[in-house]
Enquirer: 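Here it is, the structure, as structure tokens.
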Amino acid sequence: MNRPELPLPQLHAFVVLAEELHFGHAAARLGIAQPPLSQQIRRLEEKVGYALFEREPGRVTLTPAGRALLPAARQAMAGLTDGLAAARAAGSGRSGRLRIGFAASLALTVLPGLLREFRKQFPDVHLDIHEMTTAPQLDALRARTIDIGLLREPPAGESELGFRTVLSEPFVAVLPTAHPLAAQRAVSLAQLAGEPFVLLPRAVGPQLYDRITGLCEEAGFTPRISQDAVEWQTVCALVETGLGVSVAPASIRRIRLKGVAFRRIHPGCARTRVAVAWRRNDRNPLVARLLATIGQDPPAEP
């Protein structure tokens, strides 16, 4: 299909003259002299192959060819105006599409407030949200299939990715309500030695898995993993059935299950980090906008 070669200045001149039907008025509106306007119109007519205006002393009217061209010319100019506005909005970070990966448990903490604030500031940005655990988020960031990740326990030594802590929270013990330790207000990790554990598999979050098992080892035992589950809600459901106990971020307490008790761990110095992750070389202005929305001061959950 051959594309017509119709320069935009000629189309613009045609639309203005069609609206003014006066060469002098159209030239003044365009900010040019009348002879250059006449040249623009003649060149356009040469490309079309037919006259677009009837020129009579003191009177200019559209020919049938001109009337036929006018709607398409107006549409082309309006489309270009809209396209330029969209391009400027996207380039400035006021519109466009931002792909965000998030760990499911963060829907209980930082995610709703972050998205609410970002949407308030940038209502024209389309947010494409993907629920995924930490390791898949890191892979997706490197593969450029997401732009932002919200994950737990970011890895160290990453040159390609940047991380910023957005939440620091303690761990809690997750127990069946019938467990003897559930009668206590707080437990020590050493009291969980010998208990079967339900944990997320290491493959979905190596740093968090190592953090939890490392805390157990500091307390003098290696946890015996009897069952794993990809999501914390499933972990809690399996604990409820009596398959074991768990150690989880404190925000998991917001999962309400009648048969599950959440107890503080003492001493309570061990905490877990939630971080936002992005590609350091990403030039998408929406990434910078979201990082600015998060700000510099991470909250701490008691």
Side-chain angles (χ1 to χ4, degrees), residues 102-113 133-134 150-156 163-202 204-276 297-302:
F102 74 100
S105 63
L106 302 188
L108 304 171
T109 55
V110 298
L111 184 68
T133 51
T134 293
L150 285 165
L151 45 83
R152 289 190 180 276
E153 296 297 325
F163 301 97
R164 180 187 297 169
T165 299
V166 296
L167 178 69
S168 171
E169 59 178 321
F171 288 101
V172 294
V174 187
L175 309 166
T177 52
H179 196 287
L181 292 176
Q184 301 179 192
R185 296 184 63 182
V187 301
S188 68
L189 280 176
Q191 290 178 286
L192 301 180
E195 297 280 354
F197 268 68
V198 182
L199 279 183
L200 273 62
R202 189 178 188 277
V204 303
Q207 287 73 32
L208 180 60
Y209 181 95
D210 292 347
R211 180 84 172 113
I212 292 172
T213 57
L215 290 171
C216 293
E217 289 168 1
E218 289 174 14
F221 71 98
T222 299
R224 175 169 56 89
I225 313 298
S226 64
Q227 185 69 47
D228 59 34
V230 173
E231 301 295 347
W232 283 113
Q233 185 164 352
T234 308
V235 168
C236 293
L238 295 178
V239 168
E240 184 182 27
T241 66
L243 287 177
V245 301
S246 192
V247 172
S251 57
I252 304 305
R253 291 176 297 191
R254 298 180 188 182
I255 298 175
R256 304 296 185 185
L257 291 175
K258 288 185 177 180
V260 177
F262 301 99
R263 296 294 179 262
R264 289 187 299 107
I265 294 175
H266 66 79
C269 55
R271 305 184 76 88
T272 177
R273 289 172 60 204
V274 172
V276 59
D297 300 321
E301 181 164 316

Enquirer: Under the side chain to side chain contact (heavy atoms under 4.5 Å, CB included) criterion, do L111 and L150 qualify, and how do the steps go?
Expert: CA-CA 8 Å; L111 184 68; L150 285 165; 3.7 Å; yes
Enquirer: Got a second to check how far T241's OG1 is from L238's CG, nearest 0.5 Å?
Expert: 5.5 Å
Enquirer: Are the side chains of D228 and L199 in contact, using a 4.5 Å heavy-atom criterion?
Expert: no
Enquirer: Do the non-hydrogen side-chain atoms of L192 and F197 ever get within less than 4.5 Å of each other?
Expert: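 Counting from C-beta outward, L192 and F197 do come under 4.5 Å.
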Enquirer: At their closest point, which heavy atom of S246 faces which heavy atom of W232, and how far apart are they?
Expert: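 Heavy atoms of S246 and W232 come nearest at OG-CZ3, 3.8 Å.
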Enquirer: Which heavy atom of T177 sits nearest to which heavy atom of A182, and what is that distance?
Expert: O-CB, 3.7 Å
Enquirer: Where do A237 and L257 come nearest, in terms of heavy atoms and distance?
Expert: N-CD1, 3.7 Å
Enquirer: Distance check, rounded to the nearest 0.5 Å: L151 atom CG versus Q207 atom CD?
Expert: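 The CG atom of L151 sits 9.0 Å away from the CD atom of Q207.
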Enquirer: Could you state the interatomic distance from CD (E153) to OG1 (T165), rounded to the nearest 0.5 Å?
Expert: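 Output value for this atom pair is 9.0 Å.
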Enquirer: Drop me the distance from I252's CD1 to Q233's CD, to the nearest 0.5 angstrom.
Expert: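 The CD atom of Q233 is 9.5 Å from CD1 of I252, to the nearest 0.5 Å.
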Enquirer: Distance from L189 atom CG to I265 atom CD1, nearest 0.5 Å?
Expert: 4.5 Å
Enquirer: I want to check something: taking the side chain as every heavy atom from C-beta on, are I212 and L200 in contact at a cut-off of under 4.5 Å?
Expert: no
Enquirer: Checking side-chain polar atoms at under 3.5 Å, does S105 have a donor or acceptor matched by the opposite partner on R152?
Expert: yes
Enquirer: Quick one: does T272's side chain get under 4.5 Å of R211's, heavy atoms only?
Expert: no
Enquirer: Report yes if some heavy atom in the side chain of T134 is under 4.5 Å from a heavy atom in the side chain of P154; otherwise report no.
Expert: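 A side-chain contact is absent here, since even the closest heavy-atom pair is not under 4.5 Å.
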Enquirer: Return the minimal non-hydrogen interatomic distance between P112 and A107, and the atom names on each side.
Expert: CG-O, 3.3 Å
Enquirer: Identify the two heavy atoms, one from P170 and one from R271, that lie closest to each other, and give their separation to 0.1 Å.
Expert: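 Shortest heavy-atom separation between P170 and R271 comes out as CD-NH2, 3.5 Å.
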Enquirer: Mind checking whether C216 and T222 have side chains closer than 4.5 Å, heavy atoms only?
Expert: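 In short, these two side chains do not touch, never coming nearer than 4.5 Å.
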Enquirer: A side-chain contact here means heavy atoms from C-beta on lying under 4.5 Å apart; do V174 and V235 qualify?
Expert: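 V174 vs V235: side chains apart.
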Enquirer: Within a 6.0 Å radius of atom CD on E240, are there more than 12 heavy atoms belonging to other residues, nucleotides or ligands?
Expert: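 Counting neighbours around CD of E240, more than 12 heavy atoms of other residues, nucleotides or ligands fall under 6.0 Å, so yes.
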Enquirer: Let me confirm one number: the CD1-CD distance from I225 to Q227, rounded to the nearest 0.5 Å.
Expert: 10.5 Å
Enquirer: Is a side-chain donor or acceptor of R253 paired with a backbone partner of F262 at a separation under 3.5 angstrom?
Expert: no
Enquirer: Does V204 reach the side chain of Y209, with side-chain heavy atoms less than 4.5 Å apart?
Expert: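 V204 does not reach Y209 side chain to side chain.
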Enquirer: Test your reading of the model: is there a side-chain donor-acceptor pair from E169 to the backbone of S251, 3.5 Å cut-off?
Expert: yes
Enquirer: Please walk me through it: do R263 and L181 pass side chain to side chain contact (heavy atoms under 4.5 Å, CB included)?
Expert: CA-CA 9 Å; R263 296 294 179 262; L181 292 176; over 6 Å; no
